[in-house]
Number of protein chains: 2
Amino acid sequence: MNQSKRYLDIVRDIRDMIRQEKIKPGDRIPSERELAEKMQVGRSTLREALRSLELLGLIETRRGEGTFLSDYRNHKLVEVLSTFILQDNRSHEDVWETRLLHEVAAIQAICKSETESQMKIWDSFRLRLQDESFQREDFVRELMVLSGNRLSLKIWFLLTQYSGNPYAGTVSPEEIDFMNNTLLAIEQQDADTAIQEFQAWSEWLKKERISNGNNT
Amino acid sequence: MNQSKRYLDIVRDIRDMIRQEKIKPGDRIPSERELAEKMQVGRSTLREALRSLELLGLIETRRGEGTFLSDYRNHKLVEVLSTFILQDNRSHEDVWETRLLHEVAAIQAICKSETESQMKIWDSFRLRLQDESFQREDFVRELMVLSGNRLSLKIWFLLTQYSGNPYAGTVSPEEIDFMNNTLLAIEQQDADTAIQEFQAWSEWLKKERISNGNNT
DNA sequence: AGAATATGAGTGGTCAGACCACTTTCAAAA
DNA sequence: TTTTGAAAGTGGTCTGACCACTCATATTCT
């Protein structure tokens with residue numbers, strides 16, 4: 001199972017170490033060579049893990065100085081999210097609910113915002129919906145982007161990334177209906193209906209995933 | 001300037017290459033060895049870039065087979081996301097909105113849940129509301145806990161810490177009314193009213209903070 | 001003594017080469 | 001024709017070696 005993606009294990013190990021050693025934001029963490037030896041992995045493999053942590057905003061590397069825990073507060077958010085999701089104490093239900101929570105709020109925000117200049121957006125949106133390559137995640141991600149809340153977008157992104165893509169699989173015609181209904185309601189700024197349709201889709205998706213055997 | 005973070009340049013190069021070569025989702029991209037030679041970089045450096053792309057969900061690697069463009073197609077959006085994640089520029093407004101978003105969702109969840117065994121909770125809740133030591137934050141935190149979504153609670157907790165405690169200061173009688181109204185509506189499982197009252201309070205609080213000069 | 005300079009250790013950044021585990025392919029053997 | 005297995009290609013990993021940079025220390029100069 002976990003033959004590949006070792007660097008993800010290392011990510012977890014590093015995180016655990018940080019917690020045990022009680023390293024605080026801004027503090028320096030052991031050098032790459034130290035970490036590699038301590039964890040019994042090659043330095044290049046360890047660096048791949050560090051790149052991941054850096055990309056997520058958890059750490060910050062300074063050439064010639066070392067690697068530091070990111071000092072902006074944001075790092076805690078990522079840590080909590082990754083901990084909650086990658087680790088054993090995670091609750092899939094909570095992750096699902098929280099993601100849905102952000103999605104619903106996004107729809108609400110879109111409906112409340114101005115729509116003048118967004119008419120074109122809906123047209124192109126509907127066009128892409130016809131495309132075979134259009135995926136579930138594209139639909140939702142577009143909504144999240146349109147909501148305009150970048151922090152919420154980031155949280156949503158992390159949740160979908162780490163919780164074994166809930167939007168995998170092929171799109172059925174039934175779902176297209178849900179999407180279309182949601183879009184239509186949004187265009188008419190009918191938030192309640194839009195959210196209702198979206199939640200119905202989410203519910204439908206959830207059940208299908210369970211019957212198919214949910215991954216990860 | 002760009003002496004370090006070379007792997008970020010490679011990320012961009014690969015992205016450009018994908019665009020130029022018109023590689024479509026699901027297609028295979030050149031092997032690591034090929035790419036490394038073509039771009040005149042070491043394979044390990046190139047792999048660090050690939051890890052980043054993988055983490056962002058742009059590519060997918062399969063051992064023994066190769067590296068493939070992920071099933072996303074809306075690369076523009078992914079680019080937006082990647083730049084956003086790479087350079088973490090969040091605004092206070094987003095933090096405030098996101099926190100409120102979780103709070104509203106919590107109230108909604110509480111109203112939907114069973115209330116049989118929660119009667120006692122409301123009594124003790126109201127009692128503590130009388131207490132002078134009862135703070136704004138206690139009120140909201142209690143709601144978050146009652147929602148039952150632990151992930152949402154954690155996120156909320158972090159956001160509260162980030163935005164330089166938005167609940168600092170003394171509680172005015174006017175606020176007590178907001179709280180009481182919110183509580184009352186929740187008891188009656190009237191989610192709409194409860195949320196309306198809560199948002200009104202939040203709005204009021206926001207304005208007061210602005211007039212007082214908000215701290216980070 | 002005080003200040004400017006040189007040195008060396010330590011760090012992240014990069015590279016090349018070597019295995020390993022795995023998948024696919026296709027030619028040889030049944 | 002079917003089966004088998006050897007080879008090629010791929011991502012995953014490790015090692016050891018440089019390089020560029022930072023910083024603390026020792027050294028030298030004024």
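Below, read A as the first sequence line, B as the second, and so on, with proteins coming before strands; counting in each chain starts at 1. What you see is a predicted model; the values in this text were computed from it and never measured.
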Rounded off to whole Å, could you give me the [atom1]-to-[atom2] distance for the [X] and [N] pair?
X       : N      : atom1 : atom2 : answer
A/Leu46 : C/dG13 : CG    : P     : 12 Å
A/Glu60 : C/dG13 : CD    : P     : 11 Å
B/Arg62 : C/dT24 : CZ    : C1'   : 13 Å
A/Glu48 : C/dG12 : CD    : C1'   : 16 Å
B/Leu35 : D/dG9  : CG    : P     : 16 Å
B/Ile29 : D/dG11 : CD1   : C1'   : 12 Å
B/Ile10 : C/dG13 : CD1   : P     : 13 Å
B/Glu32 : C/dT14 : CD    : C1'   : 16 Å

Name the pairs: protein N/O against N/O of nucleotides 16-19 of chain D, kept only if under 3.5 Å.
from   : atom 1 : to      : atom 2 : distance (Å)
D/dA17 : N6     : A/Arg43 : NH1    : 3.3

Point to revise | Secondary structure of DNA chain D in dot-bracket form (Watson-Crick or G-U wobble, distances below 3.5 Å, | marking inter-strand pairs) | key: ||||||||||||||||||||||||||||||
Results of side-chain hydrogen bond (donor to acceptor under 3.5 Å, both in side chains) for [X] - residues two or more places apart only:
X        : result
B/Glu137 : B/Asn165
B/Glu142 : B/Arg128
A/Lys206 : A/Glu93

Check your understanding: Below 4.0 angstrom from OP1 or OP2 of D/dT10, is there any side-chain N or O of B/Arg28?
Key ->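 The answer is yes; a side-chain N or O of B/Arg28 sits under 4.0 Å from OP1 or OP2.
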Review point. Should B/Thr67 be listed as having a side-chain N or O under 4.0 Å from OP1 or OP2 of D/dG11?
Key: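 For D/dG11, OP1 or OP2 has a side-chain N or O of B/Thr67 closer than 4.0 Å.
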**Study point:** Residue list, side chain to side chain contact (heavy atoms under 4.5 Å, CB included) with A/Asp13, at least two apart or on another chain
**Key:**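 For A/Asp13 the side chain to side chain contact (heavy atoms under 4.5 Å, CB included) partners, ignoring immediate neighbours, are A/Met39.
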Check your understanding: Looking at residues at least two apart in the chain, or sitting in another chain, which of them share a side chain to side chain contact (heavy atoms under 4.5 Å, CB included) with A/Ala106?
Key ->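 Per chain and number, A/Ala106 pairs via side chain to side chain contact (heavy atoms under 4.5 Å, CB included) with A/Met144, A/Ser147.
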**Study point:** Partner residues of B/Arg136 under the salt bridge (charged side-chain N to carboxylate O under 4.0 Å, His left out) criterion, sequence neighbours left out
**Key:**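 Residues passing salt bridge (charged side-chain N to carboxylate O under 4.0 Å, His left out) with B/Arg136: B/Glu175, B/Glu208.
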Exercise for review: Tell me, please, which residues at least two apart from B/Asp27 pass salt bridge (charged side-chain N to carboxylate O under 4.0 Å, His left out).
Suggested key: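 B/Asp27 satisfies salt bridge (charged side-chain N to carboxylate O under 4.0 Å, His left out) with no residue once adjacent residues are dropped.
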Practice item. Identify, between A/Glu65 and A/Gly42, the residue whose nearest nucleotide on DNA chain D lies closer to the 5' end. Key: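 This one resolves to A/Gly42.
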Check your understanding: Is the closest side-chain heavy-atom distance between B/Leu50 and B/Ile59 below 4.5 Å?
Key ->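 In short, these two side chains touch, coming nearer than 4.5 Å.
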Practice item. Check every strand shown and say whether A/Glu37 touches a base, only sugar-phosphate, or nothing at a heavy-atom separation below 4.0 Å. Key: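 A/Glu37: no heavy atom of the nucleic acid under 4.0 Å.
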Review point. Touch check for A/Ser44, heavy atoms < 4.0 angstrom, all strands: base, sugar-phosphate only, or nothing?
Key: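 Touches a base.
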Exercise for review: May I ask you to check whether B/Ser152 and A/Asp94 show a side-chain donor-acceptor distance below 3.5 Å?
Suggested key: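 No donor-acceptor contact under 3.5 Å links the two side chains.
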Point to revise | Nearest-nucleotide 5' precedence on DNA chain C, A/Gly64 against A/Arg47 | key: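 Here A/Gly64 is the residue nearer the 5' end.
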